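Just below is one structure, and these are the notes that go with it.
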Protein chains: 2
Amino acid sequence: MPEATVARLPLYLRALTTLAERGVATVSSEELAASAGVNSAKLRKDLSYLGSYGTRGVGYEVDFLRHQITREIGLTQDWAVVIVGIGNLGHALANYGGFASRGFRIAALVDADPTRLGEEVAGLNVRHADELEQIVDDLGIAIGVVATPARAAQLVCDRLVAAGVTSILNFAPAIVQVPEGVDLRKVDLSTELQILAYHEQRKNGAALALTAEQAAELAEAVNG
Amino acid sequence: MPEATVARLPLYLRALTTLAERGVATVSSEELAASAGVNSAKLRKDLSYLGSYGTRGVGYEVDFLRHQITREIGLTQDWAVVIVGIGNLGHALANYGGFASRGFRIAALVDADPTRLGEEVAGLNVRHADELEQIVDDLGIAIGVVATPARAAQLVCDRLVAAGVTSILNFAPAIVQVPEGVDLRKVDLSTELQILAYHEQRKNGAALALTAEQAAELAEAVNG
DNA sequence: GCAACTTTGTGCACACGTTCACAAGCGTCT
DNA sequence: AGACGCTTGTGAACGTGTGCACAAAGTTGC
Ligand SMILES: NC(=O)c1ccc[n+]([C@@H]2O[C@H](COP(=O)([O-])OP(=O)(O)OC[C@H]3O[C@@H](n4cnc5c(N)ncnc54)[C@H](O)[C@@H]3O)[C@@H](O)[C@H]2O)c1
Ligand SMILES: NC(=O)c1ccc[n+]([C@@H]2O[C@H](COP(=O)([O-])OP(=O)(O)OC[C@H]3O[C@@H](n4cnc5c(N)ncnc54)[C@H](O)[C@@H]3O)[C@@H](O)[C@H]2O)c1
């Protein structure tokens with residue numbers, strides 16, 4: 001299954017959930033594509049990787065398709081997650097309800113700062129980073145979330161990997177190396193803003209160019 | 001300039017900043033690529049879109065290249081940002097120091113909840129969503145960050161656009177439509193976790209398959 | 001049972017992005 | 001000055017992803 005397709009399945013799943021909540025039983029690729037904000041041909045091709053779950057002339061059965069995608073992504077089981085670094089961002093993540101509802105259970109919170117230990121966040125006690133291996137082992141944790149400062153990110157990832165975690169989501173703005181077999185994804189908010197700024201600047205540049213052109217036209221109109 | 005290249009420039013910028021802090025004056029594409037975690041050919045092609053800023057046989061001058069990328073992205077000016085939705089995530093974002101240091105200034109915080117109004121977060125008073133147009137106008141805000149619940153995201157984006165914002169970063173798990181000319185990027189943590197889960201499941205599946213194969217071999221060895 | 005209509009699943013062409021491989025260019029050393 | 005070694009910048013091949021367009025397959029109505 002193409003990586004691009006995998007990245008869109010959660011999108012379809014969310015759209016299907018919304019439709020299910022609205023009591024919709026059947027949906028066409030056109031409608032579902034609109035709900036998910038993609039092209040309908042792309043949607044159909046994506047779904048075709050799961051199998052032929054549609055009915056020609058009708059569309060897709062919402063609940064059935066939802067279940068198929070859920071199974072494909074692996075959300076029939078729930079996944080235990082550890083968050084490392086319980087600062088600003090770690091707190092927000094720990095308190096966020098949107099994970100549990102999608103099959104991810106925050107199972108442990110870990111920080112290196114002794115003053116944070118024992119603090120209760122979202123019903124969990126913050127535990128020390130030294131216990132990481134123990135925690136991962138005991139709770140069967142497969143996914144780690146890194147919300148420490150950038151300088152600690154590589155060390156924390158190394159420890160997570162050593163403890164047996166094979167999937168990591170990194171929020172720290174740092175390049176982290178992980179061994180083969182470990183999946184690392186990163187979320188970088190500053191990068192997102194910078195991409196927006198680049199396009200914003202070009203928009204303004206275009207606007208200025210237009211103004212210059214208009215000025216030239218104006219000058220021509222006046223002088224000519 | 002290809003979109004994929006634009007998305008990597010911030011990465012290079014960060015790597016260059018780290019090198020500059022370490023006092024490195026010159027860097028080869030190979031070294032810089034390693035620092036940024038990409039292929040060196042890709043790095044060179046990316047940089048070639050900016051111009052021929054390297055010296056053959058030597059490499060790139062760190063400070064000079066840093067300045068060129070900064071200018072290309074549009075980080076020579078600083079950008080005023082408004083955050084809409086000052087809940088869990090909004091607080092974390094408002095308190096995050098990493099934006100200011102990259103040329104983004106959190107200029108205003110907005111929420112719809114009357115009980116939050118006037119609350120001081122990160123040195124700013126939370127203002128009411130009704131003032132949005134005024135705020136955007138007065139402070140020259142071009143970039144909006146949406147951290148409201150999903151159901152409010154479309155409305156908030158509409159209002160941001162109406163107020164004149166042309167770049168939006170959306171954290172709410174919702175499909176949002178914006179008119180042409182407005183850039184919308186989204187950050188979806190649940191999607192990221194789901195992608196990790198998909199690969200995690202396949203790893204386990206592969207492990208199980210291996211075990212089954214090993215079991216078959218074992219059975220053969222015992223029986224044969 | 002058949003014709004008309006709807007919608008899926010997919011072959012194909014095209015666009016985009018990545019990587020290889022190497023000529024061109026720069027600095028250094030003799 | 002000229003040979004040598006190193007690194008950039010880029011043409012070309014390759015791979016991945018997208019979107020059109022349509023045959024295949026189902027449903028509905030008569
Ligand atoms: N706050 C945000 O909105 C935001 C936005 C974008 C990126 N980030 C990034 O996310 C990361 C966390 O941001 P934050 O604002 O929460 O920072 P923070 O300083 O508030 O929290 C970091 C936490 O990590 C802990 N920590 C440090 N070293 C550790 C280690 N080795 N092991 C375990 N815990 C350790 C610290 O004790 C602290 O509690 C940073 O890398 C930041 O750049 C944050
Ligand atoms: N907290 C997290 O770590 C996290 C992680 C991933 C995604 N998200 C998403 O980010 C968004 C915010 O999450 P949160 O945990 O901060 O939620 P929250 O409920 O804590 O905060 C939402 C805030 O938005 C405000 N709001 C609601 N409607 C508004 C409107 N129309 N205009 C202005 N403000 C309005 C609310 O008053 C509240 O203060 C949600 O969509 C959530 O799904 C959050």
Side-chain angles (χ1 to χ4, degrees), chain A residues 1-12 15-16 19 24-69 72 175 180 183 185 191 195 198-199, chain B residues 1-12 15-16 19 24-69 72 175 180 185 191 195 198-199 202:
Chain A
M1 165 133 28
E3 192 56 34
T5 296
V6 174
R8 281 188 295 266
L9 289 183
L11 210 65
Y12 303 151
L16 287 166
L19 290 170
V24 177
T26 297
V27 69
S28 73
S29 65
E30 203 72 46
E31 294 165 323
L32 183 53
S35 309
V38 302
N39 180 299
S40 71
K42 184 150 61 179
L43 172 81
R44 286 198 299 277
K45 185 153 287 187
D46 284 343
L47 295 184
S48 77
Y49 290 108
L50 306 179
S52 281
Y53 293 144
T55 308
R56 295 172 190 230
V58 179
Y60 302 88
E61 208 186 317
V62 172
D63 278 333
F64 180 72
L65 186 56
R66 195 151 73 107
H67 182 256
Q68 293 304 322
I69 296 181
E72 187 72 21
I175 307 299
E180 180 147 344
D183 277 302
R185 296 188 66 87
T191 295
I195 295 170
Y198 169 82
H199 292 297
Chain B
M1 165 135 26
E3 191 56 36
T5 297
V6 173
R8 281 188 294 266
L9 290 182
L11 210 66
Y12 303 151
L16 286 166
L19 290 171
V24 178
T26 297
V27 69
S28 72
S29 65
E30 202 72 48
E31 294 165 323
L32 184 53
S35 309
V38 302
N39 180 299
S40 71
K42 183 150 61 177
L43 172 80
R44 287 199 299 278
K45 183 149 288 190
D46 283 343
L47 294 184
S48 76
Y49 291 109
L50 305 180
S52 280
Y53 294 144
T55 307
R56 292 171 190 231
V58 179
Y60 302 88
E61 208 186 318
V62 172
D63 279 332
F64 180 72
L65 186 56
R66 195 151 72 106
H67 181 255
Q68 293 305 322
I69 296 180
E72 187 72 21
I175 307 300
E180 178 145 347
R185 295 187 67 86
T191 295
I195 295 170
Y198 169 82
H199 292 297
R202 295 197 75 219

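None of the values given here were measured: they were computed from a predicted structure. Every chain is numbered from 1 and lettered A, B, ... according to where its sequence line falls, protein lines coming before strand lines.
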- Task: Using a heavy-atom cut-off of under 4.0 Å over every strand shown, decide if A:Tyr49 touches base, sugar-phosphate, or nothing.
- Result: nothing
- Message: Please compare B:Lys45 and B:Val27 by the position of their nearest nucleotide in DNA chain D and report the one closer to 5'.
- Response: B:Val27
- Task: With the side chain counted from C-beta on, respond yes when A:Leu43 and A:Tyr12 share a heavy-atom pair under 4.5 Å apart, and no when they do not.
- Result: yes
- Given that B:Tyr53 and A:Ala4 both sit by DNA chain D, which one's nearest nucleotide is further toward the 5' end? B:Tyr53
- Note on the structure: Between B:Tyr60 and the options B:Gln68, B:Arg44, B:Arg66, the side chain to side chain contact (heavy atoms under 4.5 Å, CB included) test singles out B:Arg44
- Query: So which nucleotide from C:dC12, D:dG26, D:dG11 ends up closest to the side chain of A:Thr55?
  - Reply: D:dG26
- Do any side-chain nitrogens or oxygens of B:Arg44 fall under 4.0 Å of OP1 or OP2 in C:dC22? no
- Sorted by number, residues from residues 28-43 of chain B placing a heavy atom under 4.0 Å from DNA chain D are B:Ser28, B:Ser29
- B:Glu3 CD - C:dG17 P separation (whole Å): 8 Å
- Check every atom of D:dG17, C:dC26, C:dG9 against the side chain of A:Arg56 and return the nucleotide holding the closest atom. C:dG9
- Item | Check: A:Tyr198 and B:Met1 side chains under 4.5 Å, non-hydrogen atoms | yes
- Would you check if B:Leu65 and B:Leu32 make a side-chain contact, meaning some heavy-atom pair closer than 4.5 Å? yes
- Return the value, rounded to whole Å, for the distance between atom CG of A:Asp46 and atom P of D:dT18. 7 Å
- Step by step, would you call B:Ile195 with A:Asp183 a side-chain contact (heavy atoms from CB on, under 4.5 Å)? CA-CA 10 Å; B:Ile195 295 170; A:Asp183 277 302; over 6 Å; no
- Item | Polar contact flag, side-chain donor to acceptor under 3.5 angstrom, A:Glu3-B:His199 | yes
- Message: For a quick test of reading the model: is some side-chain N or O of B:Tyr60 closer than 4.0 Å to OP1 or OP2 of D:dG9?
- Response: yes
- Nearest-Å distance for atom pair CE/C1', residues A:Met1 and D:dT16: 16 Å
- Note on the structure: Whole-Å distance, A:Leu65 CG to C:dG9 C1', equals 14 Å
- Item | Value rounded to 0.5 Å, distance of CZ in A:Arg8 from CG in A:Leu47 | 10.0 Å
